[in-house]
Amino acid sequence: MEGPSLVILKEAAAKFIGKKVLTAQGAARIDHDRLSGQTLKGLRTWGKHFLMLFSDCHVRIHYLMFGNYYLDSRHPEKEAKLTLQFRNGAWNNYNCAVKINDDTELDHLYDWRRDLMADSWNPGLALATLRAHPQWLVSDALLDQQVFSGLGNIMKNETLFRTRIHPESTVGALPPGRLRQLVDEARTYAFDFLAWKKEGTLRQHWEAHTRKTCPRCALPLVKKHTGITPRRSFFCENCQVLYR
DNA sequence: GAAAATGTTATCAT
DNA sequence: TATGATAACATTTT
């Protein structure tokens, strides 16, 4: 689950803010009793981290690859990792990593300027970090959660296709204008992703990710694992320039 | 039916 | 101590 999907959840679950947790339970190995009776003070996201704020702690949920949630309903069979029951509904979270953190000063843990979805997103800071690591492959750089927090593999492939940059280009070899373009397009695509995800039309808008042919030139797209991670890259060798 | 994938963190080994 | 390998999690799509 990538950053934009968490923004959608934050909006959908906002009705629980200010409400008391009647019961907390689930398969996650946390102290559920600690949450029962507490009032949900707020919800935040930082990249792919979903944060539930309470007066003396916060819960961090990471949905990883397969995580999902049900609001006011539940999975027909699976046991939730964390279920929060409120007077006005239920919040079930599945296949996710759940952690309680005693620190309530989130600013100690998170640099909000790094969150691609945030108003406080700072493209200049991302740019500066990239400039400091010229040897990185762009496919690794985009997936670095300390630089583009919330950016996932789909967003990586689509951003590179849009900017016509080959995933195995090195950051340092990109002309300055192209590097800036990459940073800006990552943010632009993130919000297109958000809008399409809300409409339920995300997948049909993919131009490169999981596609077989290039929508620009009709040549076959290359599917290859690139970078240190390594994650799937779908790209056009004809349209996307390799900067080395 | 096998394999791979919208991903990260904890733990163990070196 | 720092870095790196491996396990763990566990569903949907190809």
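Residue numbers begin at 1 in each chain, while the letters A, B, ... track the order of the sequences. For the numbers below, each heavy atom of this structure counts, side chains included, while hydrogens, waters and symmetry mates do not.
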Polar-atom pairs under 3.5 Å, protein N or O versus N or O of nucleotides 10-14 of chain B: list them with distances, or write none.
residue	atom	partner	partner atom	Å
B/dA10	OP1	A/K99	NZ	2.7

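Backbone-only contact: A/K81 has heavy atoms under 4.0 Å from sugar-phosphate atoms and none from a base.
Protein chain A contacts DNA chain C from C/dC9 to C/dT11, reading 5' to 3' and using non-hydrogen atoms of the protein with a distance under 4.0 Å.
Residues of residues 200-209 of chain A having a heavy atom closer than 4.0 Å to DNA chain B, listed by number: A/H209.
Between atom CD1 of residue A/I154 and atom OG1 of residue A/T210 there is a gap of 8.0 Å, rounded to the nearest 0.5 Å.
With a 4.5 Å cut-off between side-chain heavy atoms of Ile, Leu, Val, Met, Phe, Trp and Tyr, the cluster of A/F235 takes in A/V222. Residue A/Y70 is found in a hydrophobic cluster whose other members, listed by chain and number, are A/Y94; membership requires side-chain heavy atoms under 4.5 Å apart, directly or through intermediates. Using a 4.5 Å cut-off between side-chain heavy atoms of Ile, Leu, Val, Met, Phe, Trp and Tyr, A/L242 forms no hydrophobic cluster with any other residue.
C/dT11 and B/dG1 are spaced 15 Å apart, taking the C1' atom of each and rounding to whole Å.
With sequence neighbours excluded, the residues satisfying salt bridge (charged side-chain N to carboxylate O under 4.0 Å, His left out) with A/K198 are A/E11. By the ring-ring contact (aromatic ring centres under 6.0 Å, His included) test, A/F161 pairs with no residue at all, sequence neighbours left out. Applying the salt bridge (charged side-chain N to carboxylate O under 4.0 Å, His left out) test to A/K224 and every residue at least two apart in sequence or in another chain returns A/E168. In this structure A/K10 satisfies the side-chain contact (heavy atoms from CB on, under 4.5 Å) test together with A/L43, A/T45, A/F50, sequence neighbours excluded.
Proximity of A/K48 to the phosphate of B/dT6: no side-chain N or O atom is located under 4.0 Å from OP1 or OP2.
Legend: side chain to side chain donor-acceptor pair (under 3.5 Å) pairs involving residues 96-110 of chain A, not counting sequence neighbours, sorted by first then second residue: A/R34-A/D102, A/H49-A/Y110, A/D107-A/W112.
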| note | Writing each nucleotide of DNA chain C 5' to 3' as (, ), [, ], | or . by Watson-Crick or G-U pairing under 3.5 Å yields .||||||||.||||
